[in-house]
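See below for the structure under consideration.
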Amino acid sequence: MKFVLRGHEPRWLAPVAVLVAVLVTLALTAVPIRLAGAAPLAAYERYLVTPLTSTSGLHEVLLTATPLLFTGIAVAIAFRAGYWNIGAEGQFLLGAIGTTWVGTTFTDLPAPVALPLGFLAGAAGGLLWAVVPAWLKRRAGIDEVVTTLLLNPVALLVVQGLLNGPWRNSSSGFTDSDRLGSGFDLPALIPDSRVHWGFGVAVVVIVVAGVVLARTATGVRIKAAGQAPRAAEFSGVDVGRLQWRCALVSGAIAGLGGASQVMGVQHQLTAGISDGYGYTGVIVATLGGLGAIGVVLVALLLGDISVGAQNVSLVLQVPAQLGAMFSALLLLAVLSAMSWRRYRLQWRPRSRSGGSR
Amino acid sequence: MSINLLALIGAMLTIATPLVWAGIGELITERSGVLNLSIEGTMYLGAFIGFLAAARSGSPWVGLLAAVVSGVVAGALMAFFVVTLGLNQHVSGLGLTLLLIAICEFTFRLLYAGDRPTLDDKFAVLFRGTDVLAQHWLTYVGFLVLAPVTWWVLRSTGLGMRLHAVGESFEAADVAGISVTATRYVALMVGSALMAIGGAFLTLAVLGSFTLDIVSGRGWVCIALVIFARWRVWPAVLGALIFAGMDALQLQLAITSAFDAVPGELMLALPYLAVIAALAIGGRTVRYPGSYLKAYRRA
């Protein structure tokens with residue numbers, strides 16, 4: 001009995017692999033739920049279903065999914081081009097810094113000027129943080145995984161340095177910044193809810209990105225650059241330039257996420273402005289198959305689970321980290337299942353040529 | 001501004017210890033061609049499991065043993081993903097880090113809901129009263145045993161040669177009859193055990209307690225150190241000392257507060273920036289192991 005590579009992959013295989021991965025994830029998360037003294041089925045219902053059954057729950061899901069939409073599509077664009085941007089976390093933080101800077105400097109601006117300026121500053125911050133690794137990759141061929149990753153803790157240190165030093169709250173003295181000017185408050189997208197216009201901006205960004213990736217020649221080139229760089233180069237695509245551009249766009253979008261979180265939720269800079277959104281963005285992009293629709297679905301799913309996890313921690317005393325556990329497990333399970341679908345089980349070894357891969 | 005130099009050196013050695021253990025662990029796995037981004041999570045796991053076992057048994061030795069076992073398990077898991085399944089190394093490493101941290105935080109919240117538990121018994125400092133020599137035995141072993149032994153094994157033994165062969169060219173290693181799979185599994189399991197010891201040092205020796213921000217990016221520092229050292233043991237140890245020295249200095253300056261001009265965050269950011277600068281200056285001359293980031297599949 002051994003695994004051999006499939007010659008032909010049936011259509012039902014990929015969905016079945018995902019289904020198996022979801023079931024495995026649910027089965028594995030039953031262990032911690034049990035340990036916490038709750039019944040798994042009741043807990044699943046609260047995690048996955050309860051947030052979707054009430055209007056306020058749905059609003060919370062949209063609110064929680066908003067930063068993940070930004071970081072998810074940001075990572076997806078870069079990954080698709082074969083540029084492994086692990087730095088969305090840092091780019092998100094720099095976006096938050098950029099927005100906070102304009103928001104606390106030009107406090108008197110009216111909303112029609114302030115909001116676009118805030119987003120622009122956020123995108124500029126994210127872009128700035130993406131430039132160095134992208135430039136090193138393009139000019140010197142330096143691997144971007146390490147450089148983008150290492151700039152994440154640096155970004156957090158920049159935030160902490162600003163909050164401990166020049167941006168310390170001038171009225172309370174706490175280590176969070178002053179409040180942004182009121183013109184920078186993103187209005188509610190849905191009346192009487194916390195869902196803000198950042199969600200709308202995220203959807204616009206994703207629709208544009210989705211159309212470009214799926215429907216234009218640029219999208220085809222990006223895909224080619226990511227999947228078969230040599231072949232793409234041979235057919236006239238400047239892979240280096242394409243990756244450079246995708247890296248910058250990716251950084252700018254992650255920065256928009258930071259802007260949205262500052263202007264829509266916190267209204268000031270705090271050290272905890274990013275709850276690991278950049279890292280979770282890697283999960284969102286990978287699980288979403290690096291596509292726009294996938295990113296939306298996975299971001300909403302993780303938002304749902306995250307809201308559910310808060311709920312469960314209050315009602316059933318199961319710690320809220322179950323949400324993070326679930327998303328990481330789901331990532332690993334889906335990746336594993338998808339890698340297995342390329343193989344089939346062969347019971348008796350046949351001739352060597354038939355079994356080799 | 002007066003700085004107690006001996007105390008500074010003593011603090012530097014203590015701060016460098018987890019970086020030496022985990023850094024050498026990362027160095028071993030990277031020598032086999034695997035960038036192990038699960039290091040942050042594995043250190044966290046070692047810190048937590050070590051603490052938990054020590055708290056339950058009353059003995060830091062049991063804690064250390066449990067941490068080693070947890071590290072081996074984490075390494076085997078990582079190897080399963082990137083060697084057996086051939087998954088993308090950075091995504092699975094990051095995923096494993098997120099998973100391990102979530103598991104530890106979940107269990108911690110569950111068991112200690114809100115209170116801050118401390119260990120009855122932690123590893124004591126040797127040679128009390130002398131600033132520089134007053135270190136935990138894990139510090140002595142890390143600098144005086146682990147580093148030279150790893151250096152010697154990598155350089156002069158068959159094991160080291162096998163690791164080198166797999167890391168540089170797995171096709172050639174395979175042709176020469178070296179099992180790529182087995183070598184990478186062993187490298188990841190041993191390396192992750194060392195990372196877990198590095199994490200456990202924080203709870204069992206330094207803090208005697210567990211907090212949710214216990215590792216706070218030390219794993220990423222180790223990744224930086226290993227590349228900065230270009231996959232060599234002694235430069236990695238030196239890098240750990242330099243980073244720890246800046247951290248210790250930063251802590252002292254914060255206490256004396258006679259020197260506000262340089263924010264501590266800037267000094268903490270220096271190792272990361274130094275690595276990026278070294279990569280930028282070294283450019284193409286930084287030679288990664290030949291099979292870096294690649295999964296081996298027989299053609």
Side-chain angles (χ1 to χ4, degrees), chain A residues 5 32 35-37 79 84 86 132-133 135-136 139-143 145-147 149-166 276 279-280 282-283 285-286 313 317-332 335-336 338-340 342 356-357, chain B residues 35 37 41 77 80-81 84-92 94-111 113 216-217 220-221 223-224 226-227 260 263-273 275-276 279-284 286 288 292-293 295 297-299:
Chain A
L5 204 62
L35 286 177
F79 276 24
W84 299 102
I86 316 282
V132 174
W135 190 79
L136 288 177
R139 286 290 148 212
I142 291 162
D143 180 61
V145 174
V146 173
T147 47
L149 174 75
L150 292 185
L151 282 174
N152 292 337
V154 176
L156 188 60
L157 285 167
V158 172
V159 171
Q160 288 168 349
L162 286 170
L163 294 181
N164 281 325
Y279 296 116
T280 313
V282 175
I283 298 185
T286 309
S313 77
Q317 274 76 47
V318 179
Q321 277 78 11
L322 195 64
M325 219 191 291
F326 184 92
S327 54
L329 266 177
L330 188 67
L331 170 80
L332 294 170
L335 287 177
S336 304
M338 292 304 256
S339 85
W340 256 320
R342 275 183 265 143
S356 76
R357 30 183 219 217
Chain B
L35 171 67
L37 292 191
L77 213 56
F80 175 71
F81 291 129
T84 304
L85 297 182
L87 299 181
N88 179 310
Q89 288 182 6
H90 12 287
V91 174
S92 24
L94 207 56
L96 197 54
T97 283
L98 296 175
L99 177 64
L100 293 175
I101 292 179
I103 289 176
C104 293
E105 289 192 346
F106 180 89
T107 317
F108 183 69
R109 287 269 160 83
L110 200 58
L111 294 177
S216 63
W220 308 141
V221 174
I223 295 213
V226 170
I227 295 169
D260 283 340
E265 288 85 6
L266 182 66
M267 303 181 82
L268 291 179
L270 274 177
Y272 304 109
L273 299 176
V275 168
I276 292 166
L279 285 171
I281 294 164
R284 288 177 200 276
V286 177
Y288 288 85
Y292 211 51
L293 299 177
R297 288 285 175 267
R298 267 188 196 167

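Protein chains get the first letters and strands the later ones, always in sequence-line order, with residue 1 at the start of each.
Heavy atoms closer than 4.5 Å to chain A are found nowhere in L111(B), neither backbone nor side chain. Interface residue L87(B): only side-chain heavy atoms are found under 4.5 Å from chain A. Using a 4.5 Å cut-off between heavy atoms, F326(A) makes no contact with chain B at all. For L35(A), the parts lying under 4.5 angstrom from a heavy atom of chain B are both the backbone and the side chain. The contact between L150(A) and chain B is made by backbone and side chain atoms together, counting heavy-atom distances below 4.5 Å. Using a 4.5 Å cut-off between heavy atoms, T286(A) contacts chain B through its side chain alone, with no backbone atom that close. Neither the backbone nor the side chain of F108(B) comes within contact range of chain A; no heavy atoms are under 4.5 Å apart. Interface remark: L94(B) contributes side-chain atoms only to the contact with chain A (heavy atom separation under 4.5 Å). Contacts of L37(B) with chain A are made by side-chain atoms alone, with heavy-atom separations under 4.5 Å and no backbone atom involved.
Options P32(A), S313(A), S327(A), G165(A) differ in how many heavy-atom pairs under 4.5 Å they form with chain B, and the most are formed by P32(A). Considering only heavy-atom pairs separated by less than 4.5 Å from chain B, the leading option among L156(A), V282(A), N164(A), L149(A) is L149(A). Your options are V318(A), I283(A), V132(A), D143(A), and the one with the most heavy-atom pairs under 4.5 Å with chain B is D143(A). Between chain A and the options S216(B), A224(B), G217(B), G86(B), the largest number of non-hydrogen pairs under 4.5 Å is found for A224(B).
To the nearest 0.5 Å, the span separating OG on S339(A) from CZ on F81(B) amounts to 9.5 Å. Note that the NE2 atom of H90(B) and the CD1 atom of I86(A) stand 5.5 Å from one another [nearest 0.5 Å]. Note that CE of M325(A) and CG of L100(B) are 10.5 Å apart. Values are rounded to the nearest 0.5 Å. In this structure, R109(B) CZ and L322(A) CG are separated by 13.0 Å, a value rounded to the nearest 0.5 Å. Put simply, CD1 on I103(B) and CG on L329(A) are 6.5 Å apart, with the number rounded to the nearest 0.5 Å. If you take CH2 on W84(A) and CD on Q89(B), they are separated by 11.0 Å, rounding to the nearest 0.5 Å.
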Would V154(A) and I276(B) satisfy side-chain contact (heavy atoms from CB on, under 4.5 Å), going step by step from the backbone distance to the final call?
-> CA-CA 11 Å; V154(A) 176; I276(B) 292 166; 5.6 Å; no
Begin with the C-alpha distance, continue with both residues' side-chain angles, and end with the deciding distance and a verdict on side-chain contact (heavy atoms from CB on, under 4.5 Å) for L99(B) and L331(A).
-> CA-CA 10 Å; L99(B) 177 64; L331(A) 170 80; over 6 Å; no
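Across all their heavy atoms, S92(B) and L332(A) have their closest contact at O-CD2, 4.0 Å. When all heavy atoms of F106(B) and A36(A) are compared, the closest pair comes out as CZ-CB, 4.3 Å. Between A102(B) and Q321(A), the closest heavy-atom pair is O-CB, 3.8 Å. The shortest heavy-atom contact between Q317(A) and L110(B) is O-CD1, 4.3 Å.
Residues W220(B) and N152(A) are not in side-chain contact: their nearest non-hydrogen atoms beyond the backbone lie 4.5 Å or more apart. Two residues are said to be in side-chain contact when any heavy atoms from C-beta on lie closer than 4.5 Å; L335(A) and N88(B) fail this criterion. Y272(B) has its side chain within reach of L157(A): a pair of non-hydrogen atoms, C-beta onward, lies under 4.5 Å apart.
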